[in-house]
Engineer: 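This is the structure I have questions about; it appears just below.
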Amino acid sequence: MGASWNSIPLKILYQIFGWVAFVSWSISFYPQVILNFRRKSVVGLNFDFVVLNLTKHSSYLIYNASLFFSSAIKNQYLDKYGQKQMIPVAVNDVAFSVHAVVLTAITLFQIAIYERGHQKVSKISIAIVGIVWLSAAACFFVALHRHSWLWLISVFNTIQVCMTVIKYIPQAIMNFMRKSTDGFSIGNILLDFVGGLTNYAQMATQSIDQHSWVNFYGNIGKTLLSLVSIFFDILFMIQHYILYPANKSDKNDSSEIRNEGAAEENDLTV
């Protein structure tokens with residue numbers, strides 16, 4: 001079904017890029033989970049980011065799994081974009097989506113059990129998630145009547161793109177307001193950045209082999225996922241390393257300790 005590879009080296013490179021993206025994106029969830037576990041606190045992690053992220057990855061899982069496993073949806077894709085095109089979802093995309101949903105759910109569980117200070121999920125995020133799933137349910141019944149399954153999963157792909165754009169904003173604003181990235185793992189961002197680059201490289205490899213750019217607009221969600229992730233990862237790296245470096249807070253803590261120590265010595269001398 002669909003086209004076959006013209007170049008074996010490009011096929012191998014495609015698989016390498018895909019699994020590097022899978023490993024990078026999958027591992028990127030662990031630094032935050034480990035940081036939360038060690039601190040027994042989620043202060044500094046924006047809850048809206050996690051809630052929106054769960055909706056995003058759930059939508060992406062529905063899209064990837066449906067297009068990868070469903071023959072009916074594959075046929076509708078080929079009818080729309082051409083029988084000679086390749087299905088733009090690889091097994092690593094499905095594996096990543098499953099893993100992402102599980103790890104995001106674990107992070108949400110940590111928010112429920114660990115110290116969270118005065119932080120809470122905003123009403124805006126709750127409203128966004130509610131509207132998204134109600135809209136998805138309505139689209140399901142429309143697709144059920146027309147058997148427009150490719151259109152339906154495209155809706156979920158659109159949802160994941162929108163959530164990808166929205167989910168990073170609360171954390172970026174929170175870092176700006178606090179003038180700090182403490183509590184938000186930069187390891188997550190660095191690995192996410194590598195995943196975004198290799199995910200885009202995988203798509204480019206397939207397009208070069210097929211001499212066609214249908215791969216990019218046929219799966220626009222995957223394309224935008226990479227580009228949006230890369231953009232916000234660069235923003236977070238600027239915040240962490242340039243605007244609000246971690247050692248700045250460490251220096252402040254050290255200064256406070258020295259001042260307290262000096263004050264105690266003065267009290268003893270008196």
Side-chain angles (χ1 to χ4, degrees), residues 1-30 53-106 149-161 163-164 188 191-230:
M1 182 180 292
S4 58
W5 286 89
N6 297 312
S7 169
I8 297 302
L10 285 178
K11 180 180 180 180
I12 295 173
L13 189 61
Y14 172 87
Q15 294 174 340
I16 291 174
F17 280 138
W19 286 108
V20 169
F22 165 75
V23 171
S24 299
W25 267 343
S26 296
I27 296 177
S28 72
F29 289 91
Y30 289 94
N53 208 20
L54 184 60
T55 297
K56 176 255 189 243
H57 286 304
S58 298
S59 302
Y60 198 39
L61 172 58
I62 292 172
Y63 173 81
N64 283 331
S66 298
L67 186 53
F68 187 79
F69 291 109
S70 173
S71 298
I73 296 177
K74 286 181 180 179
N75 287 330
Q76 290 184 9
Y77 180 90
L78 296 175
D79 288 341
K80 181 176 181 179
Y81 294 106
Q83 294 297 322
K84 294 183 179 181
Q85 297 302 321
M86 297 180 68
I87 299 300
V89 174
V91 64
N92 65 273
D93 295 317
V94 180
F96 163 72
S97 294
V98 172
H99 182 270
V101 170
V102 172
L103 266 292
T104 306
I106 290 174
W149 305 122
L150 180 62
W151 170 80
L152 178 61
I153 67 167
S154 297
V155 169
F156 282 103
N157 204 13
T158 301
I159 289 174
Q160 76 90 8
V161 171
M163 291 298 102
T164 300
N188 171 19
L191 289 165
D192 189 54
F193 181 71
V194 173
L197 287 177
T198 50
N199 187 59
Y200 192 84
Q202 183 191 36
M203 299 183 72
T205 301
Q206 182 175 329
S207 295
I208 292 171
D209 178 83
Q210 298 296 301
H211 306 291
S212 170
W213 297 105
V214 171
N215 177 46
F216 280 95
Y217 61 79
N219 190 359
I220 190 65
K222 186 175 181 179
T223 304
L224 293 178
L225 169 63
S226 298
L227 296 178
V228 172
S229 297
I230 290 171

Engineer: Going by atom types alone, do Ser226 and Asn199 pair a side-chain donor with an acceptor below 3.5 Å?
Structural biologist: yes
Engineer: Does the side chain of Ile87 reach to within under 4.5 Å of the side chain of Leu78, using non-hydrogen atoms?
Structural biologist: yes
Engineer: Only one of Thr223, Leu67, Asp93 clears side-chain contact (heavy atoms from CB on, under 4.5 Å) with Pro88; which?
Structural biologist: Leu67
Engineer: How close do Ser26 and His99 get, heavy atom to heavy atom, and via which atoms?
Structural biologist: O-CE1, 3.1 Å
Engineer: To the nearest 0.5 Å, how far apart are OG1 in Thr158 and CG in Leu224?
Structural biologist: 9.5 Å
Engineer: My understanding is that only one of Phe68, Tyr63, Trp149, Trp151 makes a side-chain contact (heavy atoms from CB on, under 4.5 Å) with Ile73; could you say which?
Structural biologist: Trp149
Engineer: Between the main-chain N or O of Ser71 and the side-chain N or O of Asn75, is there a donor-acceptor pair closer than 3.5 Å?
Structural biologist: yes
Engineer: Measuring from atom CD1 of Ile159 to atom OG of Ser154, what distance do you get when rounded to the nearest 0.5 angstrom?
Structural biologist: 11.0 Å
Engineer: Given Val101 and Thr104, is the side-chain contact (heavy atoms from CB on, under 4.5 Å) satisfied, shown in steps?
Structural biologist: CA-CA 5 Å; Val101 170; Thr104 306; over 6 Å; no
Engineer: Are any side-chain N or O atoms of Gln210 and backbone N or O atoms of Met86, one a donor and one an acceptor, separated by less than 3.5 Å?
Structural biologist: no
Engineer: Please give me the minimum heavy-atom distance between Ser24 and Val194, naming the atom from each residue.
Structural biologist: OG-CG1, 3.3 Å
Engineer: Look up atom CG in Asn92 and atom OH in Tyr14, then write down how far apart they are to the nearest 0.5 Å.
Structural biologist: 6.5 Å
Engineer: Sub-3.5 Å donor-acceptor pair from the side chain of Asp209 to the main-chain atoms of Ser7, do we have one?
Structural biologist: yes
Engineer: Could you check Trp19, Tyr60, Phe96, Tyr30 and say which one makes a ring-ring contact (aromatic ring centres under 6.0 Å, His included) with Trp25?
Structural biologist: Phe96
Engineer: Within this structure, what is the CE-CG distance for the pair Met163 and Leu54, rounded to the nearest 0.5 Å?
Structural biologist: 11.5 Å
Engineer: Side chains of Val228 and Leu225: closer than 4.5 Å at any heavy-atom pair?
Structural biologist: no
Engineer: Sub-3.5 Å donor-acceptor pair from the side chain of Ser58 to the main-chain atoms of Thr55, do we have one?
Structural biologist: no
Engineer: What are the two closest heavy atoms between Gly18 and Gln202, and how far apart are they?
Structural biologist: CA-NE2, 3.2 Å
Engineer: Does the side chain of Phe29 come within less than 4.5 Å of Asn53's, by heavy atoms?
Structural biologist: yes
Engineer: Are side-chain heavy atoms of Phe69 and Lys74 found at a separation under 4.5 Å?
Structural biologist: no
Engineer: Measure across Asn64 and Ser97 and return the closest heavy-atom pair with its distance rounded to 0.1 Å.
Structural biologist: ND2-OG, 2.9 Å
Engineer: So how far is it from Leu152 CG to Gln76 CD, rounded to the nearest 0.5 Å?
Structural biologist: 10.0 Å
Engineer: Could you state the interatomic distance from CG (Asn6) to NE2 (His211), rounded to the nearest 0.5 Å?
Structural biologist: 5.5 Å
